[in-house]
Amino acid sequence: MKAVAGVLLVLCYLAISQAWKCTDGPRLHNALQIDAGQGKVVAINKYYHVYFLTGKYWHYMGSSGFKHCSVGPAGLWAVSTKDKVFKWSAGYFRQYGDQSIRQVDAGGNGQVVGVDSSDYTYCLTSTMASAYSGVGSVSWQSLSRKMRYYSCSPYGCWGVDSSYQVYFTQGMNETTCATSGWILLPGLKMTMIEVGTDGTVFGVGTDGKIYQRIGIQSNWRLGTDWSVTGICMSARHVSYDLGNLWVVTTSGSILKCT
Ligand SMILES: *[C@@H]1O[C@H](CO)[C@@H](O)[C@H](O)[C@H]1NC(C)=O
């Protein structure tokens, strides 16, 4: 099975000129999700354990019951299988407020965004997100637009709605969570999308293929088009940081592509 997968990857390299070179990432069995930001890489497996990458090995972070995690300027965050939000603080995941959240993103300019099971969206200001006191009031702000997946960078946020349509907003104010308007990108439909800290964008199409947003420039963060990466393994989840594209395949293995 392994050998077959290797051959497929090689064939893809030959077929596509602008190829990503993928190797089996550090081995984590039955991976569900991965997130990379600011040099750090975290992942979750099907037993709902969170792992942190150190060297070639995944280090189990000691608590289970998590289905999504995110690392970025706002720190390391995870949501539990019961849709509660936790922030990594002083060696533990500590619950952060009582807001129900299904997917969380810490990649913005210090703010944290999240999506609940009905696709309503929420934001914690950078002040709220950084000042963790264990208990007390944490007020998530409701955001206007519903999304099934939400990802922010310091250069704007990307989202996918319940019809798998892709949206972009140039700015989200980290101190107020206010957004400028969202722009709908017609065309390709995506199941998830991730923007790296440097503004690079990758997504998984509804066809399972991995796409990169091209034409992104410092004065044009929206980009111009989607380019299929030619990575042949069907993808469940992707995340990009510092030149590395991390892929979780639908069969639960991790690829590291450069
Ligand atoms: C964010 O909002 C505050 C309050 O309205 C404003 O003072 C600040 O300039 C805004 N920041 C950016 C980057 O627009």
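Remember, it's a predicted structure, so these values are computed and weren't measured experimentally.
Residues V42 and I34 fall into different hydrophobic clusters, defined by Ile, Leu, Val, Met, Phe, Trp and Tyr side chains chained together at heavy-atom separations under 4.5 Å. A single hydrophobic cluster is not seen to contain both M147 and V166; linkage of ILVMFWY side chains at heavy-atom distances under 4.5 Å, directly or through other members, places them apart. Y155 and L143 fall into different hydrophobic clusters, where Ile, Leu, Val, Met, Phe, Trp and Tyr residues are linked whenever their side-chain heavy atoms come under 4.5 Å apart, directly or through other members. Under the 4.5 Å side-chain heavy-atom criterion for grouping Ile, Leu, Val, Met, Phe, Trp and Tyr, W88 is connected to F52 within one hydrophobic cluster. Note on V248: it does not cluster hydrophobically with L32, by side-chain heavy-atom contacts below 4.5 Å among ILVMFWY residues.
Across all their heavy atoms, S239 and A36 have their closest contact at OG-N, 2.9 Å. When all heavy atoms of S64 and H49 are compared, the closest pair comes out as CB-CD2, 3.0 Å. In terms of heavy-atom proximity, G159 sits nearest to W182 at N-CZ3, 3.9 Å. Pairing each heavy atom of G196 with each of S153, the nearest pair is O-CB, 3.2 Å. Taking both residues in full, the closest heavy atoms of D116 and S100 are given as CB-O, 3.2 Å, listed atom of the first, atom of the second, then distance. Q170 approaches S180 most closely through the heavy-atom pair N-OG, 3.9 Å.
With hydrogens and angles ignored, the 3.5 Å screen pairs a side-chain donor or acceptor of S130 with a backbone N or O of S126. Side-chain N or O atoms of W58 include one that pairs as donor or acceptor with a backbone N or O of P26 at under 3.5 Å. Looking only at distances, no side-chain donor or acceptor of R221 sits under 3.5 Å from a matching main-chain atom of F168. Using modelled atom types, one side-chain atom of R94 and one backbone atom of S89 make a donor-acceptor pair closer than 3.5 Å. Under a 3.5 Å cut-off, the side chain of S151 and the backbone N or O of V195 do form a donor-acceptor pair. Looking only at distances, a side-chain donor or acceptor of Q95 sits under 3.5 Å from a matching main-chain atom of G97. In this structure, the side chain of D105 engages the main chain of C152 through a donor-acceptor pair within 3.5 Å.
R145 places none of its side-chain heavy atoms less than 4.5 Å from the side chain of D161. Contact check for V247 versus V238: side-chain heavy atoms found under the 4.5 Å cut-off. Using a 4.5 Å heavy-atom threshold, the side chains of L245 and T258 count as separate. Using a 4.5 Å heavy-atom cutoff, the side chains of D241 and T197 are in contact.
To the nearest 0.5 Å, atoms OG (S70) and OH (Y150) are separated by 13.5 Å. In this structure, S139 OG and L124 CG are separated by 7.5 Å, a value rounded to the nearest 0.5 Å. Here the OG atom belonging to S234 is positioned 8.5 Å from the CG atom belonging to D207, to the nearest 0.5 angstrom. In this structure, T127 OG1 and E174 CD are separated by 8.5 Å, a value rounded to the nearest 0.5 Å. Rounding to the nearest 0.5 Å places CD1 of I44 at 8.0 Å from CZ of F66. The CD atom of Q111 lies 10.5 Å from the CD atom of Q141; values are rounded to the nearest 0.5 Å.
Around atom OH of Y167, more than 12 heavy atoms belonging to other residues, nucleotides or ligands sit under 6.0 Å away.
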Would you sort out whether F86 and V104 count as a side chain to side chain contact (heavy atoms under 4.5 Å, CB included), showing the intermediate values?
CA-CA 10 Å; F86 291 75; V104 72; over 6 Å; no

Apply side chain to side chain contact (heavy atoms under 4.5 Å, CB included) to I254 and W246, showing your working.
CA-CA 7 Å; I254 290 175; W246 299 87; 4.1 Å; yes

I'd like to know whether V113 forms a side chain to side chain contact (heavy atoms under 4.5 Å, CB included) with T121, so could you lay out the CA-CA distance, the side-chain angles of the two residues, the decisive distance to 0.1 Å, and finally the verdict.
CA-CA 7 Å; V113 292; T121 54; over 6 Å; no

Side chain to side chain contact (heavy atoms under 4.5 Å, CB included) for I210 and W20? Distances and angles first, verdict last.
CA-CA 11 Å; I210 302 168; W20 285 82; over 6 Å; no

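Across L185, I216, T169, a single residue satisfies side-chain contact (heavy atoms from CB on, under 4.5 Å) together with L222, and that is L185.
With hydrogens and angles left out, the side-chain atoms of S227 and Q212 include no donor and acceptor closer than 3.5 Å.
For D119, the side chain to side chain contact (heavy atoms under 4.5 Å, CB included) test picks out R102, V115, K146, R148, S162, with sequence neighbours left out. C69 is linked by a disulfide (SG to SG under 2.5 Å) to nothing, counting only residues two or more places apart in sequence or in another chain. Applying the ring-ring contact (aromatic ring centres under 6.0 Å, His included) test to Y51 and every residue at least two apart in sequence or in another chain returns Y60. Listed by chain and residue number, M190, Y211, W226 satisfy the side chain to side chain contact (heavy atoms under 4.5 Å, CB included) test with L188 (two or more places apart in sequence, or in another chain).
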Side-chain polar contacts of residues 75-85 - donor-acceptor pairs under 3.5 angstrom, sequence neighbours left out - could you list them?
| from | atom 1 | to | atom 2 | distance (Å) |
| --- | --- | --- | --- | --- |
| W77 | NE1 | A74 | O | 2.9 |
| S80 | OG | K82 | N | 3.2 |
| S80 | OG | D83 | N | 3.4 |
| S80 | OG | K84 | N | 3.1 |
| D83 | OD1 | K67 | NZ | 2.5 |
| K84 | NZ | D98 | O | 3.0 |
| K84 | NZ | D98 | OD1 | 3.3 |

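Within the structure, disulfide bond (SG atoms under 2.5 Å apart) pairs that include any residue of residues 185-222 do not occur (at least two apart or interchain).
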